[in-house]
> 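One structure, as structure tokens, below. Some questions next.
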Amino acid sequence: MIPEVLKRAQPLEIEGRSFGVTCVSKEKLYISFRKVLRVLCVLMVLGFSQANETKLENMTKILPKGETQMGLPNCQEGINSDSQKVRCANNTELDGNTDIKANATFVLGGPGSGKGTLSTLLAERDGYIHLSVGDLLREEQESSSEESELIKEYIKEGKLVPVEIPCRLLLKAMQQNGMSNKFLIDGFPRNQENLDGWVQYISKHTNLVQVVYLDVSKEVMLERVLKRGENSGRTDDNPQTFEKRYNVFKEQTMKIIDYFKSKNMVFQISTYGSVEKNYLKLKKGLVV
Ligand SMILES: Nc1ncnc2c1ncn2[C@@H]1O[C@H](COP(=O)(O)OP(=O)(O)OP(=O)(O)O)[C@@H](O)[C@H]1O
Ligand SMILES: O=c1ccn([C@@H]2O[C@H](COP(=O)(O)O)[C@@H](O)[C@H]2O)c(=O)[nH]1
């Protein structure tokens, strides 16, 4: 039984320190933890019961919205305070404190809309660093990390993994490539939790310059995904998972795109035509 306080706690403050806590399933909790939360994990595994909930409630305080969990941010204002330091499950500290800020462009769109194809071309021809969060997760799922099974399960189900994982992978990849670069961030942020994660962990290292939205019909997306599935080996390139991913896109990602539209940050193109035609349209519209 997961205590109510943990189910709704995100982020959570324990003994004066902040932690991100995400509920994975009724049985499991994925926790971006430091020592104190490791103890809580052990308690969970041992069958922490509702009777303990009061005690836990006494130890913890749910942070009021705005203290660390942001609403949709004004990304150009760089909201984070430099004092925030976050350690992820693999003990990576998500606080490089570098002065150099990377230029970041989000590339969003439904499954099969062409994000990876067009970002790859821009990287090959125009000096962008293409970081596909889906690719980073697929790489991680093949590793022996403690999160690989969880990632595998989520991707197969078309669900979004707890935000600490993509944030850790993204920041690491950005740092490995050099923060002075211009990055195309493909497939992230996909929902409010992702955007909060970006603001909390990564935005202070970046200038978010633009959001690209690749628009195409559901039918075309499905056709492309199924065609790709003939030899991609991806566990999500099938009609059932496509449907779930499409719903996540419609119900969650579109809200993020609409938010950025309200900030005049979105460059939208339809991707019905040829790849080459779409590449040229996109290149023309990019700010950096
Ligand atoms: N304009 C296009 N015309 C025809 N096929 C395309 C076009 N753009 C992409 N494709 C093909 O459609 C498939 C899906 O494209 P891509 O992998 O770029 O989509 P994506 O948005 O990155 O998808 P996902 O989010 O599912 O990873 C690829 O096999 C690609 O070759
Ligand atoms: O921010 C993210 C991005 C991706 N995922 C998971 O990966 C798959 C595939 O992603 P693509 O970018 O479309 O290749 C996606 O369906 C999610 O399961 C994620 O959890 N969070």
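Counting starts at 1 for both ligands and their atoms, in listed order. It should be emphasised that the depicted structure is a prediction, and the values quoted were computed from it without experimental measurement.
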> Regarding atom 26 (O) of ligand 1: of the candidates R228, E230, K115, which has the closest heavy atom?
R228
> Quick one: nearest non-hydrogen protein atom to atom 15 (O) of ligand 1, plus distance?
T117 OG1, 3.5 Å
> Out of all atoms in ligand 1, which are within 4.0 Å of some heavy atom of T271? Include the element for each.
1 (N)
> Enter the distance from L108:CG to I256:CD1 here, rounded to the nearest 0.5 Å.
8.5 Å
> What protein heavy atom sits nearest atom 1 (N) of ligand 1, and how far away is it?
G273 O, 2.9 Å
> Once you measure the plane-to-plane angle for W198 and F188, does it fall in the parallel (<30°), tilted (30-60°) or perpendicular (>60°) bin?
tilted
> Should M221 and M254 be regarded as members of a common hydrophobic cluster, given that ILVMFWY residues are connected when their side-chain heavy atoms come within less than 4.5 Å of each other, either directly or indirectly?
yes
> Got the closest protein heavy atom to atom 6 (C) of ligand 1, with its distance?
R224 NE, 3.5 Å
> Would a single hydrophobic cluster contain both F249 and L137, if residues Ile, Leu, Val, Met, Phe, Trp and Tyr are joined by side-chain heavy-atom contacts under 4.5 Å?
yes
> Taking a hydrophobic cluster as the set of Ile, Leu, Val, Met, Phe, Trp and Tyr residues connected by side-chain heavy atoms closer than 4.5 Å, whether directly or through intermediates, do Y128 and L171 fall within one such cluster?
no
> Does the side chain of Q192 come under 3.5 Å of the side chain of D196 through a donor N or O and an acceptor N or O?
yes
> Is any side-chain heavy atom of T271 closer than 4.5 Å to one of R224?
yes
> Heavy-atom pairs closer than 4.0 Å: do any link ligand 1 to the side chain of D186, the backbone, both, or neither?
neither
> How are the rings of F242 and Y246 set to each other: parallel, tilted or perpendicular (split at 30° and 60°)?
parallel
> With a 4.0 Å cut-off on heavy atoms, is S113 in contact with ligand 1?
yes
> What are the atoms of ligand 1, with element, lying closer than 4.0 Å to any heavy atom of G110?
21 (O)
> Any N or O of G112 that comes nearer than 3.5 Å to an N or O of ligand 1?
yes
> Taking 4.0 Å as the limit for heavy-atom contacts, which would you say applies to R234 with ligand 1: side chain only, backbone only, both, or neither?
side chain
> Check each atom of ligand 1 against the heavy atoms of N278 and keep those under 4.0 Å away; list them by number with element.
1 (N)
> Go through the steps for K255 and D258 under the test salt bridge (charged side-chain N to carboxylate O under 4.0 Å, His left out), then give the verdict.
CA-CA 5 Å; K255 286 195 182 117; D258 287 342; over 6 Å; no
> Run through L184, L282, V211 and flag the one making a side chain to side chain contact (heavy atoms under 4.5 Å, CB included) with V107.
L184
> Any salt bridge between E153 and K156, counting N to O under 4.0 Å?
no
> Can V225 be said to touch ligand 1, with heavy atoms closer than 4.0 Å?
no
> Verify salt bridge (charged side-chain N to carboxylate O under 4.0 Å, His left out) between E223 and K218, making sure each step is shown before the conclusion.
CA-CA 9 Å; E223 196 184 302; K218 182 181 177 185; over 6 Å; no
> Which one holds for R245 and ligand 1: side chain close, backbone close, both close, or neither close, with close meaning a heavy atom under 4.0 Å?
side chain
> How close does the nearest protein non-hydrogen atom get to atom 22 (O) of ligand 1, and which residue and atom is it?
G116 N, 2.8 Å
> Looking at ligand 1, is there an atom of it that comes within less than 4.0 Å of some heavy atom belonging to S232?
no
> Once you restrict to heavy atoms under 4.0 Å, what part of V275 touches ligand 1? Side chain, backbone, both or neither.
both
> Would you say that E147 contacts K152 through its side chain, given a criterion of any heavy-atom pair below 4.5 Å between the two side chains?
no
> Between R125 and E276, is there a salt bridge with N-O shorter than 4.0 Å?
yes
> With nothing but distance in play, are any N or O atoms of G114 less than 3.5 Å from an N or O of ligand 1?
yes
> Under 4.0 angstrom from ligand 1, any heavy atom of S119?
no
> Within the structure provided, determine whether D237 and L226 are in side-chain contact (heavy-atom separation under 4.5 Å).
no
> If you look at each N/O of ligand 2, which protein N/O atoms lie under 3.5 Å away, and at what distance?
unit_1, atom_1, unit_2, atom_2, d
ligand 2, 12 (O), R190, NH1, 3.0
ligand 2, 13 (O), R190, NH2, 2.9
ligand 2, 13 (O), R245, NH2, 2.3
ligand 2, 14 (O), R138, NH1, 3.1
ligand 2, 14 (O), R138, NH2, 3.0
ligand 2, 14 (O), R234, NH2, 3.2
ligand 2, 16 (O), R245, NE, 2.9
ligand 2, 18 (O), K159, O, 2.6
ligand 2, 20 (O), V161, N, 2.7

